[in-house]
Amino acid sequence: MSLAPRLDLRQSQSLVMTPQLQQAIKLLALSNLELETFVAEEMERNPLLEVAPDPDAPPAPEPVEALAPRDGPATADELLTQGEASGEAALDVDLGVETFHHDSPSDGMGMDGALGLNGATAGGEAPDLDLLADHGESLADHLLAQAGLAVAGADMFIAAHLIDQIDECGYLTVPLLDIANRLGVALARVEAVLAIVQTFDPTGVGARDLAECLALQAKEADRYDPCMAKLIDNLDLLARGELGRLKRLCRVDDDDMADMIRELRGYDPKPGCRYGGEPAQPVVPDLYVARRGRGWAIEMNAATLPKLLINRGYYAEVAGGGDKNGKAWLSDMLASANWLVKALDQRQRTILKVATEIVKQQEAFFLHGVAHLKPMTLRQVAEAIEMHESTVSRVTSNKYLSCERGLYELKYFFTSAIAAADGGDAVSAEAVKAAIKVLIAGEGSQILSDDTLVDLLKEKGFDIARRTVAKYREALGIGSSVQRRRAKALGG
């Protein structure tokens, strides 16, 4: 074997992904709202991109000509009669029409005829009351206001730091020793300030665990006797339903134990949740599916899709002059703008193509519900529309579909297959979960074991093992038959 250097010529093929191709792939995985943010950043960078005008927007008002100057101020009578009908048009205005721009949902809510009995506007759409809702003060603001009346000086500084470490449920999340070391004060002083904070409204706030939270509320209700203290110290036994052991520890009979449990049920395990916090943001659908005759109408949510145009007039105006480097930069911006518009159009076409195939394969679900959901994989959809499986995976990520049955993530329609008991077509795992949920919801006083569920599911045509039933039951957040029986005994 020769070790001397030499030159070899080889021919090979490889897939090279350009930055634009990589960006186009990333665009597929973005939701419509994420895409809005991306497009806004591109518009800041590229002066040739602009938002297309909304055809439904009201026309811009005509400019008002200024009145001729006069020596003194005009009287009310002169303003009314100035320009014949112009004064009347300015002062006699129907606020219910689109004379003024309504820039918030509250504009026009107090006008006669603007709202119907059910809160719907004259156009048939109800106002978005979430935009008008007052979410109230936050838990931290509520506690700080009380701290200002209860403590002062250095203790106020410690109290403010403690309040800052209380989560939205009302629990102190940081050990007191860490707070004392951080502030450079004695642990006993931090404990004393915390004892004051724990007297604030809502009762139970500032607790370090559930037991302390319930104990604070029991003390406030003057029910914290030795028996209740023992019960609160053994909440794990209560959770497991070991009432006999609890009665021995607390030294009470059945009636007293039932009364104590009833008292505990009246306490709030998360006292801070009644205050403030960020409002839950609703999920905005990316697609709408509706029944149209014998078929289905599938469309993108145009309200969240960015509408871009390329300002070629501005390009022609600027490209006419300037230096060579400026023209080269402008050409790059034009190419980037052209690519982005085409990429957005291709993204929309791809999403609609995938969604159409999903609706086609899961038509029984849209017609009859989750019990008719069929098992489906990414590969099946990819082969049907002649695309790569990874492309379908990106398209269905972070995308939501709205139909008459509710709002669903596109990934929801891809489920594993469960063999049918009668040897027929396989069924979806989601359909099996729905059947399990219905059976347990209707079990009444006769608690169904997992073995019994297996038999009942086989009668419905689902050939499923006991361990699979247990897995699906746990995925639904439903306890075992023993746990449900204990919960029923405690509730009864």
Side-chain angles (χ1 to χ4, degrees), residues 23-44 49-57 102-107 109 118-121 123-135 168 276-292 296-309 340-341 343-359 362 365-366 369-370 373 378 381 391-415 430:
Q23 190 64 65
I25 293 175
K26 291 180 181 179
L27 289 180
L28 285 175
L30 299 180
S31 66
N32 285 0
L33 294 181
E34 293 171 335
L35 190 64
E36 273 190 305
T37 303
F38 171 79
V39 170
E41 295 173 353
E42 286 295 312
M43 290 180 64
E44 291 182 2
L49 289 173
E50 62 182 17
V51 179
D54 187 359
D56 298 329
H102 291 179
D103 54 2
S104 78
S106 61
D107 295 343
M109 285 192 66
N118 60 352
T121 61
E125 295 183 0
D128 189 357
L129 298 181
D130 287 339
L131 299 178
L132 307 177
D134 182 11
H135 298 289
E168 60 182 9
E278 291 296 327
Q281 297 297 328
V283 176
V284 179
D286 301 89
L287 292 153
Y288 291 107
V289 176
R291 184 73 169 169
R292 291 292 184 269
W296 299 91
I298 306 171
E299 63 177 354
M300 301 289 293
N301 185 358
T304 58
L305 277 177
K307 306 174 183 64
L308 288 183
L309 291 178
L340 181 58
V341 171
L344 292 176
D345 180 69
Q346 183 62 38
R347 172 185 178 274
Q348 183 172 345
R349 293 174 183 272
T350 304
I351 293 175
L352 285 173
K353 194 172 184 179
V354 172
T356 301
E357 184 61 29
I358 291 175
V359 174
Q362 298 288 2
F365 164 82
F366 292 98
V370 67
L373 191 66
L378 294 173
V381 175
T391 303
V392 178
S393 177
R394 291 186 178 95
V395 167
T396 53
S397 297
N398 304 316
K399 309 291 190 310
Y400 288 85
L401 178 149
S402 177
C403 62
E404 63 180 6
R405 300 197 173 275
L407 186 66
Y408 299 90
E409 189 178 8
L410 291 184
K411 291 286 189 184
Y412 173 82
F413 298 100
F414 296 89
T415 60
E430 290 295 330

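None of these values were measured; they are calculated from a predicted model. Numbering of residues begins at 1 and proceeds along the displayed sequence.
Counting heavy atoms from C-beta outward, Arg405 and Val370 have side chains that stay 4.5 Å or more apart. The shortest distance between side-chain heavy atoms of Ile351 and Asp286 does not fall below 4.5 Å. Considering only heavy atoms from C-beta on, Phe366 comes within 4.5 Å of Leu401 through its side chain. Looking at heavy atoms from C-beta onward, Val284 lies out of side-chain contact with Tyr400 at the 4.5 angstrom threshold. In this structure, Tyr412 and Leu373 have side chains that are in contact, with non-hydrogen atoms separated by less than 4.5 Å.
Here the CG atom belonging to Asn301 is positioned 13.0 Å from the NZ atom belonging to Lys399, to the nearest 0.5 angstrom. Atom CD of Glu36 and atom CD of Glu41 lie 12.5 Å apart (nearest 0.5 Å). Remark: Arg394 CZ to Thr350 OG1 distance equals 12.0 Å, nearest 0.5 Å. Atom CG of Leu28 is separated from atom OG1 of Thr396 by 10.5 Å, given to the nearest 0.5 angstrom.
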message: Let's go through Lys353 and Val395 carefully: what are the C-alpha distance in whole Å and the side-chain angles of both, what is the deciding distance for side chain to side chain contact (heavy atoms under 4.5 Å, CB included) to 0.1 Å, and is it a yes or a no?
response: CA-CA 10 Å; Lys353 194 172 184 179; Val395 167; over 6 Å; no

- request: Kindly indicate, with the supporting measurements, whether the criterion side chain to side chain contact (heavy atoms under 4.5 Å, CB included) is fulfilled by Trp296 and Thr356.
  value: CA-CA 9 Å; Trp296 299 91; Thr356 301; over 6 Å; no

- request: List the steps, then state whether side chain to side chain contact (heavy atoms under 4.5 Å, CB included) holds for Leu287 with Leu410.
  value: CA-CA 10 Å; Leu287 292 153; Leu410 291 184; 4.1 Å; yes

field: Chi angles and distances behind the side chain to side chain contact (heavy atoms under 4.5 Å, CB included) call for Gln348, Leu344
entry: CA-CA 6 Å; Gln348 183 172 345; Leu344 292 176; over 6 Å; no

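Ser31 approaches Arg347 most closely through the heavy-atom pair C-NH2, 3.8 Å. Summarising the geometry of Ser397 relative to Ser393, their closest heavy-atom pair is OG-O, 2.8 Å, with the distance given to 0.1 Å. Between Leu27 and Ala343, the shortest heavy-atom contact is CD1-CB, 3.9 Å. Across all their heavy atoms, Glu34 and Ala29 have their closest contact at OE1-O, 4.2 Å. Smallest separation of non-hydrogen atoms from Pro285 and Leu407: CB-CD1, 3.6 Å.
Crowding of Lys26 atom NZ: a count of heavy atoms from other residues, nucleotides or ligands under 6.0 Å not exceeding 12. Within 6.0 Å of atom CZ in Arg349, 12 or fewer heavy atoms from other residues, nucleotides or ligands are found, so the atom counts as exposed in its surroundings.
Using cut-offs of 30° and 60° on the angle between ring planes, the pair Phe413 and Phe365 is perpendicular.
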